[in-house]
Amino acid sequence: MTISNDIKYVGVNDHSIDLFEGQYDVPNGMAYNSYVILDDKIAVMDTVDKNFTHEWLDNLANALGGRKPDYLVVQHMEPDHSANIVNFVNAYPDATIVSSSKAFTMMKNFFGKDFEEKRIVVAEGDTLSLGKHTLNFVAAPMVHWPEVIMTYDSFDKVLFSADGFGKFGALDVEEDWACEARRYYFGIVGKYGAQVQAVLKKAAGLDIQTICPLHGPVLNENLGYYLNLYNIWSSYGVETDGIVIAYTSVYGHTKKAVELLAEKLKANGCPKVAVTDLARDDMAEAVEDAFRYGKIVLATTTYNAEIFPFMREFINHLVERGFKNKTVGLIENGSWAPLAAKTMKGMLEGCKNLTFTDTTVKILSALNDESKAQIDALADELCMDYKAIREETANKNDLTALFKIGYGLYVVTSNDGRRDNGLIVNTISQVTSSPNRVAVCINKDNYSHHVIKQTGIMNVNCLSVEAPFSVFECFGFRSGRNVDKFENSENLVRSDNGLVFLSKYINAFMSLKVEQYVDLDTHGMFICTVTEARVLSDKETMTYTYYQENVKPKPETEGKKGYVCKVCGYVYEGDELPEDFVCPLCKHGAADFEPIS
Ligand code: FEO
């Protein structure tokens with residue numbers, strides 16, 4: 001095989017291998033690639049596995065056409081590539097070995113010698129001229145051993161990528177590249193996403209027209225496709241929309257639940273459902289699927305007060321490869337004390353950015369109405385986005401979408417000429433930057449709206465995550481017309497406009513001067529310029545979501561029927577909430593209430 005006028009392929013195919021690296025099934029064999037660059041000087045790029053010494057040396061001799069190589073470049077010391085270094089040196093004693101410092105240490109460990117008298121040690125940025133061709137060495141530590149270097153030939157614009165962009169499968173078998181390259185990547189390199197990202201960044205600065213890996217085919221067309229997949233894989237992104245269900249089943253009941261879930265997911269518009277039986281299917285294939293899709297369901301039985309062994313092995317594979325950025329659903333089965341969900345969740349604890357579904361399916365031996373309903377709920381939860389995307393299933397009038405707008409929480413202070421006042425507001429945003437303008441929306445029912453309309457000034461105090469619920473009790477839920485919200489405050493501090501600002505629980509405040517007023521029926525919008533601005537701390541701003549999850553006490557709905565205000569926790573008891581109902585505490589409307597469940 002010819003890569004360019006000067007670069008020839010001298011690798012070998014292995015169809016007698018049982019398990020690659022002692023663990024991976026390779027039904028279509030394996031290729032150990034090696035290349036030779038023929039210029040004024042001749043460089044051989046890596047050797048091959050120990051079982052192919054003579055085939056490789058014959059290939060090399062044929063490509064050399066009677067000439068002798070000057071260099072053996074060793075990019076990677078794993079024995080599938082390095083096993084014939086000594087045989088090469090015996091055949092070509094005048095050649096020099098070119099490799100990284102760590103690789104020479106490994107040579108000493110593997111072969112008892114580090115070729116001190118015939119070697120060149122190279123590192124990131126070093127070059128080696130062969131004549132027309134100049135080899136540029138690129139360090140690629142942990143892709144996937146620490147000594148790895150890649151080599152860029154700037155003449156033919158070829159990247160020799162070591163194990164990067166490799167795949168399972170011999171070169172004389174035609175098969176899809178991505179399937180076996182993905183299984184190879186996540187099996188062998190998966191843990192080192194950050195290191196692969198670092199190499200991809202270096203590669204982005206090179207004009208690459210051909211990639212010559214140490215396994216799998218030479219890539220010389222549509223390189224963007226391969227680089228994009230490597231970028232997704234190494235950044236733990238979602239390659240394919242869909243859901244993988246990985247399960248074990250002892251007597252078939254868990255399998256039945258998985259089949260039912262798969263059916264429901266498909267009915268809910270899930271574009272691809274990949275189901276894998278961890279006891280029977282290829283484990284490496286299951287691992288690649290787990291990384292390929294954005295959502296995964298793990299279903300297993302409780303076993304020895306833990307989980308079934310194949311599921312334990314599977315989760316271990318995920319965890320040690322840095323599994324992250326996924327949505328995870330759990331199905332557990334147990335005949336007397338189900339513990340599988342808790343065990344699985346515990347095993348995944350150290351993984352970053354996993355979102356567990358609200359629904360966990362609990363099967364007590366076999367499916368019943370309750371566990372079937374849980375499977376329905378899990379399918380609904382996992383397919384929320386698929387349903388919303390599809391025309392046929394989308395709810396196009398789901399106003400809870402408005403709750404997804406992110407808000408901060410602020411205390412807006414003002415003064416009516418008699419006393420200081422303040423209220424909680426979440427509708428504040430900067431609307432222009434040159435000049436800086438800030439829009440503040442306030443409900444007309446609030447006394448502050450009246451005061452600010454009269455005075456034309458206010459201070460916006462940005463609450464930090466340190467603010468306790470007492471701040472919300474003080475400034476929300478009651479009117480400054482009737483109470484003095486600062487009566488218990490000592491040593492009030494004021495900005496240049498004379499208005500009070502909070503001395504704690506805020507990270508910043510700004511003084512605003514009203515420029516325009518927009519009447520929005522129930523609310524008024526004040527568009528203001530900034531006259532003063534100070535930062536008090538680096539603590540994060542309190543968001544509405546943070547308040548809901550961490551600050552607001554849980555409403556006392558126990559034993560009550562009706563609706564609860566999501567803003568302040570006010571409970572409305574009754575069968576129907578009137579559409580025009582306004583919360584007597586926080587003044588939010590019926591849309592901010594939810595039924596007590
Ligand atoms: Fe192909 Fe890491 O050896």
Side-chain angles (χ1 to χ4, degrees), residues 9-35 44-53 55-56 59 72-88 97 99-100 102-107 109-111 137-151 159-171 173 175 177 180-196 198-200 211-219 226 230 233-234 284 287-288 317 320-322:
Y9 181 83
V10 291
V12 297
N13 287 320
D14 183 355
H15 283 289
S16 55
I17 185 171
D18 61 343
L19 294 174
F20 181 68
E21 285 193 0
Q23 59 171 322
Y24 298 104
D25 235 356
V26 280
N28 288 333
M30 211 52 210
Y32 312 115
N33 297 341
S34 171
Y35 308 88
V44 177
M45 306 301 291
D46 295 289
T47 81
V48 300
D49 184 80
K50 67 177 185 324
N51 295 323
F52 296 88
T53 305
E55 188 180 335
W56 174 65
N59 289 350
L72 171 66
V73 178
V74 175
Q75 301 186 105
H76 182 18
M77 275 302 296
E78 200 163 2
D80 50 336
H81 311 293
S82 69
N84 281 297
I85 292 176
V86 174
N87 292 324
F88 174 88
I97 301 179
S99 196
S100 67
K102 278 200 172 75
F104 283 110
T105 306
M106 289 181 181
M107 285 181 219
N109 295 337
F110 273 115
F111 314 127
F137 298 104
V138 178
M142 302 320 296
V143 184
H144 64 110
W145 275 21
E147 85 296 358
V148 172
I149 48 169
M150 295 185 182
T151 309
L159 177 70
F160 296 91
S161 59
D163 275 339
F165 300 95
K167 69 180 269 297
F168 295 129
L171 298 192
V173 179
E175 62 181 354
W177 183 87
E180 284 297 71
R182 189 189 304 107
R183 191 167 71 94
Y184 174 89
Y185 175 87
F186 284 112
I188 289 164
V189 194
K191 176 182 173 66
Y192 301 108
Q195 288 82 354
V196 174
V199 170
L200 289 176
I211 297 176
C212 289
L214 288 177
H215 303 287
V218 169
L219 308 173
Y226 305 102
Y230 253 63
W233 297 343
S234 56
V287 169
E288 70 158 291
H317 280 304
E320 68 196 26
R321 284 165 176 76

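Numbering of ligands and ligand atoms starts at 1, following listing order. Sequential numbering from 1 along the given sequence is applied to the chain's residues.
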Under 2.8 Å from atom 1 (Fe) of ligand 1, the protein N, O or S atoms, given as residue and atom: D80 OD2, H81 NE2, D163 OD1, H215 NE2

Near-ring test Y226/W177, centroid separation under 6.0 angstrom: yes

Between D46 and H81, a side-chain donor and acceptor under 3.5 Å: no

Verdict with reasoning, M107 to V74, per side-chain contact (heavy atoms from CB on, under 4.5 Å): CA-CA 10 Å; M107 285 181 219; V74 175; 4.1 Å; yes

Side-chain (N13) to main-chain (L171) donor-acceptor, under 3.5 angstrom: yes

Non-hydrogen atoms of A139 and V199 that approach each other most closely: O-CG2, 4.3 Å

By ring pair (Phe, Tyr, Trp, His ring centres under 6.0 Å) - contacts of F20 (at least two apart): F168, H215

